[in-house]
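Worksheet: the structure to be examined is printed underneath.
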Amino acid sequence: MAEPILEVSGLVKHYPLTQGILFKKQVGAVKAVDGVDFTLARGETLGIVGESGCGKSTVAKMLVNLERPTAGSIKYKGEDVTKLSGRALKAVRRNIQMVFQDPYTSLNPRMTVGDIIGEPYEIHPEVAPKGDRRRKVQELLDVVGLNPEYINRYPHQFSGGQRQRIGIARGLALRPEVIVADEPVSALDVSVQAQVINLMDRLQSEFDLSYVFIAHDLSIVRHISDRVGVMYLGRIVEIGTDTEIYDHPTHPYTQALLSAVPVPDPEAREHRERIILSGDVPSPTNIPSGCRFRTRCFKARDKCAQEVPLLVIPPQLPVGPPAHPSACHFAEEKHVVPAEDRPGRPPEAPPEQRPPQHGSGPG
């Protein structure tokens, strides 16, 4: 097996809590990410899902070095980027780019589209000579489905979907190998979401990209991902191929998430098993002992409070294609989601068309 392009091991991010004004004393920590492990192969899309506050976005920021990890390693082609600085770090950053969640706040309203997409060339001038940058920016606009003549317009002249296309074009400017997409369609209408997802699908093949795709919409994640990791309270609790996760979930939290997916057919909705979790998500400043999901779990036993479950293939499951790592002492394939209830694909977008001349159309 080829070496993964990204390898994350024991990734931790704790934010200290302090008391005092003159003499500050640390009294605790917010454990936003508390030991995350995964790999990303070349050309693969790894989806990361979980409820708000589970640490997804913090992982994304650490992957692109917007946050420095408290512990752990992030290896890009075998080199630990957490130990790099200066020119070496700058070179790696060129190959790992990010698409942000909110297309309204991630673009500078005082800069034109040409300046926004071309700004990476100011930081990495070796990628594009100064006299060639305008042409490259126009090519990127065309690649993401926008009219190259929009180069002198400002973000407020575009719709939300068009702004996200601009953000994607900026991410492609340096020809990266990895793109970290932090909920890139959550702020968009459903029809526009489908257009942007189809665009990202096409760009992955065209530019040989690897994606870390973060989202909370299970349908979108299944549509675009080769593998899926489910996060809960700072850790990945289950990881596997999209088929393994959606058709054979073994962790109680994954089973509960899938059972909560809306089903349009009233008859199918009446006959499916719904898993209702009790209680609230514990505070990341006070993580439960043992399994961190045990306070809400319908399978919890004494062992769950005493031992931390490891993210491994459960020995009680039969060896075969559905077997995949799950951090649960009592993982089982009991709650299999019926085929008619499984998250499907988002609505197919019509063939991509250039938006109207004034940038007012959808997408």
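Because only heavy atoms are used, hydrogens play no part in the values below, and waters and symmetry mates are left out as well, while side chains stay in.
- With values rounded to the nearest 0.5 angstrom, Leu6 atom CG is found 10.5 Å from Glu44 atom CD.
- Follow the hydrophobic side-chain contacts under 4.5 Å out from Val143 and you reach Met200 in the same cluster.
- Residues forming a side-chain hydrogen bond (donor to acceptor under 3.5 Å, both in side chains) with Asp189 (at least two apart in sequence, or on another chain): none.
- For residues 48-60, the pairs satisfying side chain to side chain donor-acceptor pair (under 3.5 Å) are Glu51-Tyr253, Glu51-Arg296, Ser57-Asp182, with sequence neighbours left out.
- Here His251 and Phe293 bring their ring centres to under 6.0 angstrom of each other.
- Taking all atoms of both residues into account, the shortest heavy-atom contact from His329 to Cys304 is CD2-CA, 4.0 Å.
- Applying the salt bridge (charged side-chain N to carboxylate O under 4.0 Å, His left out) test to every pair with at least one member in residues 105-123, sequence neighbours left out, gives these pairs: Glu122-Arg133.
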| request: Determine, stepwise, if the pair Tyr15 / Glu67 fulfils side-chain hydrogen bond (donor to acceptor under 3.5 Å, both in side chains). | output: CA-CA 11 Å; Tyr15 296 95; Glu67 294 275 7; 3.2 Å; yes

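- The side-chain heavy atoms of Phe213 and Ile224, taken from C-beta on, include a pair separated by under 4.5 Å.
- Residues Leu140 and Ala173 come closest through the heavy atom pair CD1-CA, 3.7 Å.
- By the 4.5 Å heavy-atom criterion applied to side chains, Leu107 and Phe158 are not counted as neighbours.
- Ile239 is listed as a side-chain neighbour of Leu46, based on a closest heavy-atom distance under 4.5 Å.
- In terms of modelled atom types and a separation under 3.5 Å, the side chain of Arg235 and the main chain of Asp34 share a donor-acceptor contact.
- Other residues sharing a hydrophobic cluster with Leu310 under the 4.5 Å side-chain heavy-atom criterion for ILVMFWY residues are Val312.
- No option in Gln157, Arg163, Gln162 other than Gln162 meets the side chain to side chain donor-acceptor pair (under 3.5 Å) test with Ser159.
- In this structure, the side chain of Ser326 does not engage the main chain of Ala331 through any donor-acceptor pair within 3.5 Å.
- No side-chain N or O of Thr39 forms a donor-acceptor pair with one of Glu7 less than 3.5 Å apart.
- Other residues sharing the hydrophobic cluster of Phe23, ordered by chain and number and joined by side-chain separations under 4.5 Å: Leu22.
- For the pair Arg165 (side chain) and Val144 (backbone), a donor-acceptor distance under 3.5 Å is present.
- One distance of note links CG of Asp80 with CD1 of Ile74; it measures 8.0 Å at 0.5 Å rounding.
- Checked by atom type and distance alone, the side chain of Asn198 pairs as donor or acceptor with a backbone atom of Ala194 at under 3.5 Å.
- Under the side-chain hydrogen bond (donor to acceptor under 3.5 Å, both in side chains) criterion, Asp208 pairs with no residue, sequence neighbours left out.
- Pairs passing the salt bridge (charged side-chain N to carboxylate O under 4.0 Å, His left out) check and including a residue from residues 21-33, sequence neighbours excluded, do not occur.
- You'll find the side chain of Ile96 reaches within 4.5 Å of the side chain of Val64, heavy atoms only.
- Sorted by first and then second residue, the side chain to side chain donor-acceptor pair (under 3.5 Å) pairs with a member in residues 83-95 form an empty list; sequence neighbours excluded.
- Once rounded to the nearest 0.5 Å, the distance linking OG of Ser283 with CD1 of Ile287 reads 7.0 Å.
- Each side chain to side chain donor-acceptor pair (under 3.5 Å) pair with one or both residues in residues 300-311, not counting sequence neighbours, would appear here, but there are none.
- Listed by first and then second residue, the salt bridge (charged side-chain N to carboxylate O under 4.0 Å, His left out) pairs that reach into residues 209-219 come to none, sequence neighbours excluded.
- Looking at Val212 and Leu40, their side chains come closer than 4.5 Å, going by heavy atoms from C-beta outward.
- Counting heavy atoms from C-beta outward, Glu238 and Ile245 have side chains that approach closer than 4.5 Å.
- Taking the side-chain hydrogen bond (donor to acceptor under 3.5 Å, both in side chains) definition, one finds that Tyr76 meets it with Glu177, sequence neighbours left out.
- Side-chain atoms of Gln255 do not come within 3.5 Å of backbone N or O of Ile275 as any donor-acceptor pair.
- Hydrophobic clustering of Ile, Leu, Val, Met, Phe, Trp and Tyr side chains at less than 4.5 Å, counting indirect connections, keeps Val36 apart from Val228.
- More than 12 heavy atoms of other residues, nucleotides or ligands shown are found within 6.0 angstrom of CD on Glu126.
- For Gln101 (side chain) and Pro184 (main-chain N/O), no donor-acceptor pair under 3.5 Å exists by modelled atom type.
- Atom CG of Asp242 sits about 7.5 Å away from atom OG of Ser225, to the nearest 0.5 Å.
- Looking at heavy atoms from C-beta onward, Leu218 lies in side-chain contact with Leu258 at the 4.5 angstrom threshold.
- One finds a salt bridge joining Arg135 and Glu139 here, because a Lys/Arg side-chain nitrogen approaches an Asp/Glu carboxylate oxygen to under 4.0 Å.
- Heavy atoms only, all atoms of each residue included: Phe100 and Arg170 are closest at CD1-NH2, 4.0 Å.
- Summarising the geometry of Val185 relative to Gln193, their closest heavy-atom pair is O-NE2, 3.0 Å, with the distance given to 0.1 Å.
- Side-chain atoms of Pro288 and Leu233, non-hydrogen and from C-beta on, do get closer than 4.5 Å to each other.
- Closest approach of Val92 to Leu84, counting heavy atoms only: CG2-CD1, 3.6 Å.
- Between Leu89 and Arg68 the shortest heavy-atom distance is CD2-NH1, 4.1 Å.
- Scanning for side-chain hydrogen bond (donor to acceptor under 3.5 Å, both in side chains) contacts around Ser210 gives an empty result, with sequence neighbours left out.
- Between the side chain of Arg227 and the backbone N or O of Thr45, no donor-acceptor pair lies under 3.5 Å.
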